[in-house]
Colleague: 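The following block contains the structure, expressed as structure tokens.
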Amino acid sequence: MKYFLRKIGLLLFALLVAITLNFFIPRLMPGDPARELIDRMQGIPPESMESIRIAFGLDTKDALIVQYGKYLLNLLKGDLGISLSRFPTPVKDVLKIAIPWTLGLMGLATILSFFIGTILGIGAAWSRNKRWATLTVGTFIFIRSFPYFWLGLLFIYFFAFRMQVFPIGNAYSIYVQRGGWDFILSVLYHGFLPAATITVSSLGGWILTMRNNMINVLAEDYITVALAKGLPLRRIKNLYAAKNAILPSITSFAMSLGFVVGGGLLTEMVFAYPGVGLMLWQAVQAKDYAMMQAIFLFISIAVLIANFIADIAILLLDPRVRDGGR
Amino acid sequence: MFKDIGKLFLGNKKALFGLLLLTFFALVGIFAPFLAPYDPKNNRVETVTVLSEERDRSRTISREDLDESTEKRVYSQSVHTTYERITKKLPLKGKPSSEHLLGTTHSGQDIFSQLIWGTRVSLTVGLVTGLFTTLLSLCLALIAGYLGGLVDDIISLFTNVFLVIPSLPLMIVIAAYVSVRGVIPIILILGLTSWPWPTRVLRSQVVSLKNRDFIKVSKSLGEKPAYVVFREILPNMISLVMASFFSSTMAAIIGEATLEFIGLGNVSVVSWGTMLYWAQANGALLAGAWWWFLPPGICIALIGTSFALMNFAIDEISNPKLRKR
């Protein structure tokens with residue numbers, strides 16, 4: 001329980017740090033983003049300048065601590081500011097449309113790649129002298145070195161442009177009515193290539209982690225004893241070795257989630273998939289700072305929640321933690 | 001210590017292959033001016049001269065008692081025909097040919113030359129960032145691990161916190177606010193967002209070394225902290241420091257390419273990232289110009305593989321369980 005409380009404390013503190021970073025980044029940077037924003041909105045009478053500053057939360061007359069308080073209060077109210085590129089839509093409303101796409105795509109792809117990678121990693125460690133194991137590990141080390149977005153480009157080029165088996169972008173066909181089976185099929189069809197990109201890119205990490213954990217466990221004495229006793233190999237592999245090797249893998253799953261999510265964002269950009277990643281890309285192009293910051297916050301919170309879930313999983317799975325040992 | 005690692009490193013096939021790959025790219029980067037057949041930024045070298053020639057001719061015409069409007073017409077006409085000639089000479093899709101090994105961009109820049117010059121920029125940014133990140137995290141790890149107590153608690157807390165805050169969106173937000181576009185801001189941004197992981201790994205090594213008997217002995221013998229840290233602890237974690245340097249460099253090369261691809265770098269610098277940015281911005285993908293966007297990605301992947309292989313070897317060297325067959 002103590003372990004659990006400490007973890008929750010850490011995650012809450014991380015949330016506070018993310019929120020605070022979000023507040024300070026624009027204020028620590030050289031230049032005045034407020035000025036820049038207003039300069040770009042041409043044809044605005046100078047009288048309304050003040051109200052625009054306030055509307056964008058760029059009212060810099062208050063002391064820093066007062067601004068921070070106001071910012072926190074607005075966050076609590078769910079007010080993330082107004083999107084500049086989609087003026088005057090609140091950022092919150094733009095995000096609401098994008099979030100389900102991202103959660104669906106990335107959640108599915110990440111879980112899929114974790115399971116496939118773990119299974120492959122178990123196999124690769126078990127038969128590490130076999131040729132297929134070396135080859136699989138080698139291939140995925142190579143693929144892991146690709147930038148996500150580039151693998152996406154590669155997939156688009158070969159599967160969507162050359163062979164034309166998959167659509168080039170977007171999340172569903174515009175000719176299909178929303179709702180209904182056709183729509184679901186269209187979503188799956190459009191989501192396949194981006195999901196494959198994320199899965200394939202992140203697979204290598206899981207394979208390697210699991211393989212190394214597994215090899216470490218396989219060197220333990222109890223495995224030697226089990227082998228000497230002549231227990232069925234399958235039983236040793238799955239129940240004795242893999243079961244123990246998977247725990248550190250879950251910890252690293254939580255840790256590297258942020259990295260995978262980052263890659264997922266880029267994948268969305270390349271595929272023009274209407275999720276948070278594409279929003280982020282559009283916000284960068286349009287210098288829509290409020291949007292960018294809201295997205296950063298959302299992603300941080302999502303990753304923190306995923307970490308929380310992983311912690312619960314470890315709590316349930318690891319008897320050392322569960323019984324309050326360490 | 002260094003000698004042993006060197007020996008093991010050269011004896012390990014994976015490490016040797018990784019090292020050779022890296023050396024190859026390093027040589028390409030160093031000798032870029034001699035290797036690149038064309039100027040990577042100079043599009044249509046011939047074009048510019050041809051254009052100015054034409055302009056001169058139209059000027060001479062204008063001097064021969066022609067009114068202004070005719071001059072304009074003649075000038076625009078000559079420019080037009082020049083462009084026609086250029087597009088015939090350099091087709092929009094500059095396919096690979098014997099003249100341009102990897103073809104050209106849509107405006108006629110030689111991609112092979114860009115790739116060679118890009119190696120220099122990308123590798124430099126990667127190595128400098130890797131060094132910066134490693135030094136930063138090594139300092140934090142040594143301070144936290146050696147001093148322990150409150151200092152350790154604080155550093156560890158922030159390490160763990162920044163570990164769970166996703167770094168790519170953070171990088172993007174910071175980079176978007178930095179109004180200066182260039183290589184140095186990218187190095188700083190990458191370095192300041194990627195220290196947590198190596199810090200965590202290195203710190204735990206410092207802590208485990210600190211509790212070994214030989215360190216305890218030299219402490220009780222009254223050795224100065226600086227001596228213990230730099231002569232006793234540091235030499236024993238060289239392989240881990242190297243491993244984090246390799247992974248930081250690899251991450252930095254991919255990170256640089258990512259930021260530049262999104263358009264947050266200086267797009268007038270020729271690097272692998274900006275090459276991909278321009279390829280994407282000009283629709284190279286849907287024009288079927290594979291020679292434009294494939295090579296930079298392959299180079300990034302090869303460099304990444306070279307670092308991954310060296311890290312793999314270090315893992316095997318320092319963890320005999322992985323080596324045992």
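Atom set for the values below is all heavy atoms of this structure, side chains included, hydrogens, waters and symmetry mates excluded. Numbers restart at 1 for each chain; the letters A, B, ... are given by sequence-line order, proteins then strands.
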Colleague: Heavy-atom distances under 4.5 Å only: say whether A/L21 touches chain B with side chain, backbone, both or neither.
Modeller: side chain

Colleague: Go through it in stages, so that I can follow the logic: the residues are A/W150 and B/I300, the test is side-chain contact (heavy atoms from CB on, under 4.5 Å), and I'd like the CA-CA distance, side-chain angles, deciding distance and then a yes or no.
Modeller: CA-CA 10 Å; A/W150 188 73; B/I300 294 171; over 6 Å; no

Colleague: For the candidates A/I156, A/L266, A/V261, which exhibits the highest count of non-hydrogen atom pairs separated by less than 4.5 Å from chain B?
Modeller: A/L266

Colleague: Is it the side chain or the backbone of A/V284 that comes within 4.5 Å of chain B heavy atoms, both, or neither?
Modeller: side chain

Colleague: Can you tell which part of A/L208 gets under 4.5 Å to a heavy atom of chain B, answering side chain, backbone, both or neither?
Modeller: side chain

Colleague: Can you establish whether the number of heavy atoms outside B/I184 located under 6.0 Å from its atom CD1 is more than 12?
Modeller: no

Colleague: How about A/F166: does its CZ atom have over 12 heavy atoms from other parts shown lying under 6.0 Å from it?
Modeller: yes

Colleague: Provide the closest heavy-atom pair for B/A301 versus A/S145 in the form atom of the first, atom of the second, distance.
Modeller: O-CB, 3.4 Å

Colleague: Any donor-acceptor pair under 3.5 Å linking the side chain of A/Q285 with the backbone of B/I262?
Modeller: yes

Colleague: Count the heavy atoms of every other residue, nucleotide or ligand shown that sit under 6.0 Å from CZ of B/F17, and state whether that count exceeds 12.
Modeller: no

Colleague: Under 4.5 Å, counting heavy-atom pairs only, tell me which of A/L11, A/L15, A/N22, A/I141 racks up the most with chain B.
Modeller: A/I141

Colleague: As an exercise: rank B/I165, B/N160, B/L309 by heavy-atom pairs under 4.5 Å with chain A and give me the winner.
Modeller: B/I165

Colleague: Are more than 12 heavy atoms from other residues, nucleotides or ligands located less than 6.0 Å from atom OH of A/Y222?
Modeller: yes

Colleague: Please check if the distance between the ring centroids of B/F293 and A/F149 is under 6.0 Å.
Modeller: no

Colleague: Got A/F146 and B/I254 here, is their nearest side-chain heavy-atom distance under 4.5 Å?
Modeller: no

Colleague: Of the backbone (N, CA, C, O) and the side chain (C-beta and beyond), which part of B/F158 lies under 4.5 Å from a heavy atom of chain A, both, or neither?
Modeller: side chain

Colleague: Taking side chain as everything from C-beta outward and backbone as N, CA, C, O, which of these in B/I303 sits under 4.5 Å from a heavy atom of chain A? Side chain, backbone, both or neither.
Modeller: neither

Colleague: Which atoms of A/V276 are under 4.5 Å from chain B, going by heavy atoms: the side chain, the backbone, both sets, or neither?
Modeller: neither

Colleague: If you compare all heavy atoms of A/Y289 against all heavy atoms of B/A176, which two are closest, and at what distance to 0.1 Å?
Modeller: OH-O, 3.5 Å

Colleague: Taking atom CG of B/L170 and atom CD1 of A/I25, what is their separation to the nearest 0.5 Å?
Modeller: 5.0 Å

Colleague: Counting heavy-atom pairs under 4.5 Å to chain A, which of B/T258, B/I172, B/I253 comes out on top?
Modeller: B/T258

Colleague: Rounded to the nearest 0.5 Å, what separation is found between the OG atom of B/S306 and the CZ atom of A/F142?
Modeller: 11.5 Å

Colleague: Let's test your reading of the structure: which of B/L163, B/L302, B/L157, B/L264 forms the most heavy-atom pairs below 4.5 Å with chain A?
Modeller: B/L157

Colleague: Step by step, work out the side-chain contact (heavy atoms from CB on, under 4.5 Å) result for B/Y177 and A/K287.
Modeller: CA-CA 9 Å; B/Y177 271 110; A/K287 291 199 172 175; over 6 Å; no

Colleague: Given a strict heavy-atom distance threshold of 4.5 Å, which part of A/M269 is in contact with chain B: side chain, backbone, both, or neither?
Modeller: side chain

Colleague: Kindly give the heavy-atom pair with the smallest separation between B/P166 and A/F296, and that separation in Å.
Modeller: O-CE1, 4.1 Å

Colleague: Heavy-atom cut-off 4.5 Å, strictly under: side chain, backbone, both or neither for B/I174 against chain A?
Modeller: both

Colleague: What option among A/V270, A/L304, A/V303, A/I295 has the most heavy-atom pairs under 4.5 Å with chain B?
Modeller: A/V303

Colleague: Examine whether an atom of A/L280 lies under 4.5 Å from a heavy atom of chain B, and if so say whether it belongs to the side chain, the backbone or both; otherwise answer neither.
Modeller: side chain

Colleague: Quick check on A/W281: does its CH2 atom have over 12 non-hydrogen neighbours (other residues, nucleotides or ligands) under 6.0 Å away?
Modeller: no

Colleague: I need the A/L154 CG to B/L294 CG distance, nearest 0.5 Å.
Modeller: 6.0 Å

